[in-house]
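These notes concern the structure reproduced below.
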Number of protein chains: 2
Amino acid sequence: MTTIKDIARVAGVSVTTVSRALNGYSDVNPKTRKRIQEVAKELNYSPNTVARSLVMKKSKTIGLLVSDMNREGVKDNFTFEVLCGINEASAYSEYDLVLFSTTSSKQNEKTYTQLCRERRVDGVILQGIKTDDPYLQEVVDSDIPCVLVDIPMESQTVGYVTTDNIDGAKKAVNHLISCGHKNIAMINGHEKADVSIRRLRGYREALEQNDLTFHPDWLVNGDFKEDEAEKVAKKLLKQYPEISAIFCASDLMALGVLKAAKWLGRKIPEDLAVIGYDDITLAAYSTPSLSTIRQDKFNLGFEAAVLLIDMLEGKKQIHSRIIDTELIIREST
Amino acid sequence: MTTIKDIARVAGVSVTTVSRALNGYSDVNPKTRKRIQEVAKELNYSPNTVARSLVMKKSKTIGLLVSDMNREGVKDNFTFEVLCGINEASAYSEYDLVLFSTTSSKQNEKTYTQLCRERRVDGVILQGIKTDDPYLQEVVDSDIPCVLVDIPMESQTVGYVTTDNIDGAKKAVNHLISCGHKNIAMINGHEKADVSIRRLRGYREALEQNDLTFHPDWLVNGDFKEDEAEKVAKKLLKQYPEISAIFCASDLMALGVLKAAKWLGRKIPEDLAVIGYDDITLAAYSTPSLSTIRQDKFNLGFEAAVLLIDMLEGKKQIHSRIIDTELIIREST
DNA sequence: GTGAAAGCGCTAACAC
DNA sequence: GTGTTAGCGCTTTCAC
């Protein structure tokens, strides 16, 4: 493997000059530069980024800490779309991505900081992490630049990108109300998700603004899972048959509700209106197709990467970004 | 940031001893080792893998060259599942993954080899690459250990993992035949995909073995796209109304065929039977749900990573792995 | 405009 | 069992 030393020898200059020539410094004779470039090409030279990282103390890599990369997380293409967005943004930069394999199991008991420091990543993007995840605290405490997806938390080195979950939930509930519904239940994810907390707030605010009372009994958690949502929906609808519409904090759960409704013989949307959240691919393909609040997941990832890179290059002081949601009306409402 | 030098100073030994102690060499006094470990912990030491990589000429990273990580590739969770499998396998190893951001556009005109050499990855996994992709030739020519997903190509440094596409296609067609169909068309992907070539072969062999004649006109390409498949299916079915069943080389295309059938007023499966390939998430959720040939995509990725790691550690001489497929019968047949 | 020399943090002969 | 020394490939003062 060719090194700048080889090039220096062949071109009859010093390694210093080679380095400067190849890195586009101005204080090098155009002729010398040209010759060096030719030799480099001739010798099929590739710079060694490892060596460069060592001396520069910058690796030009972004660490990705992504949960739900297991066999189960696959149904929901949320994570993947975010990943694609991150990938796209970093493709236009000079940063590469390193995917930390974080199986919570295993002796993989390395802390977040250890992971990052060992690999010398310049910054990190965290996605799909729960608010009580021990990693999260570490992020805030560490001095490694970091962007969180869907957890609004900010500091000198921490930024975030998310959608307006309160507003999104409101849109969903207002839509149900505008369809004439008054008895609107909600199936939420779990308390450890920031988005759940906010979507609940949006739900309550929408009810309030329309002079509808909030029934604590009509609020249940489905843990963001289809099966679980189906189960709790059955129970809920049997106990409170007066419920005419359900707002779900995720499409996957809404799919579960659809199943529950079918099982109970309630027609959609006549006997029961259902609206989800996310607009995952499945939402458009289910029968009936699912009304939902669309999040631009790709953009979520894209902006997260842009934000982080800007932080790394010291460009901006704004460390957060809120992305719009969109109401998508389909057959289920 | 603490280095072994710091540890050496505090512990009153040389850096060599620190290195050996921390790396678990046997020729070091247990007491010395203990003290060094304590100091390391106390100083909150993390090894610098960059420095280690430089001297060892091994980075303990695997490069991922994945196409379809763009906004469009999202519907199809194939890529993501493969990725999850790779991630899982590498989580149990000491390798991390670096995702090469390969937008074919942009000045990103770095060759495959350059990408790999610059980042000093130990090996690479390629997924979603076409047979005429210039990268592919480079792989074979380069000496970087590499595992291909779904391209059977083997050499000293190149291995692959795939499913038995001929057999899978046969299963699909035989299933249609066992349902009583005789006029079976095929919508294939494109000629640049090895899987297409093989699935076509399976289709033809199954016909042959059942004394059915192969009609070249009943074979069209849908480019693995839903829209395209819908378009060509409409045309095909109008021109040859005698066709009673269609075998599609991917579920996404089968979904397109479903739409075409609906548009033409042909009931499924009574008027037209459709079978896909892959078993993507959507297949189970569409109406009617889609019969298909399931590929264990997660396992495809998992085995690819295992294979590569084994190659890197010089463990095996077998460089390929064929994974079984499974016929999934649903409502569309 | 160019080169000599030092050093990034680590491993690995080779001595002792 | 431990230390000395050299060196991985690169960037960067600081001279000239």
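First the proteins, then the strands, lettered A, B, ... as listed; each starts at 1.
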Whole angstrom is fine here: how far is it from [atom1] in [X] over to [atom2] in [N]?
X     : N      : atom1 : atom2 : answer
A/I7  : D/dG9  : CD1   : C1'   : 11 Å
A/I4  : D/dT11 : CD1   : C1'   : 8 Å
A/L22 : D/dG9  : CG    : P     : 16 Å
A/K60 : D/dT11 : NZ    : P     : 13 Å
A/L54 : D/dG7  : CG    : C1'   : 12 Å
B/I36 : D/dG1  : CD1   : C1'   : 11 Å
A/D6  : D/dG9  : CG    : P     : 8 Å
A/K5  : D/dT11 : NZ    : C1'   : 14 Å

How long is the span from the [atom1] atom in [X] to the [atom2] atom in [Y], to the nearest 0.5 Å?
X      : Y      : atom1 : atom2 : value
B/E138 : B/T113 : CD    : OG1   : 3.5 Å
A/D6   : A/T2   : CG    : OG1   : 6.0 Å
B/L64  : A/D96  : CG    : CG    : 11.5 Å

Short side-chain donor-acceptor distance under 3.5 Å, [Y] and [X]:
X      : Y     : value
B/E118 : A/S46 : no
B/S90  : B/S93 : no
B/T16  : B/S19 : no

Contact class for [X] (heavy atom, under 4.0 Å): base, sugar-phosphate, or nothing?
X     : result
A/V50 : nothing
B/D27 : base
A/T32 : sugar-phosphate

Below 4.5 Å, heavy atoms only, C-beta onward: do A/L126 and A/C146 meet side chain to side chain?
yes
Does [X] have a side-chain nitrogen or oxygen under 4.0 Å from the phosphate oxygens OP1 or OP2 of [N]?
X     : N      : answer
A/K57 : D/dT11 : no
B/S14 : D/dT2  : no
A/N48 : D/dC8  : no

What do you reckon, is NZ of A/K60 surrounded by more than 12 foreign heavy atoms closer than 6.0 Å?
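More than 12 within 6.0 Å, yes.
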Would you list the protein and nucleotides 12-16 of chain D atom pairs, both N or O, that sit under 3.5 Å from each other?
| unit_1 | atom_1 | unit_2 | atom_2 | d |
| --- | --- | --- | --- | --- |
| D/dT12 | OP2 | A/Y25 | OH | 2.9 |
| D/dT12 | O4 | A/T16 | OG1 | 3.3 |

Using chain A heavy atoms and a threshold of under 4.0 Å, write down where along DNA chain C the contacts begin and end, 5' to 3'.
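The contacted stretch runs from C/dG1 to C/dG9.
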Which residue pairs satisfy the side chain to side chain donor-acceptor pair (under 3.5 Å) criterion with at least one member in residues 150-161 of chain A, sequence neighbours excluded?
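Sorted pair list: A/D150-A/T162.
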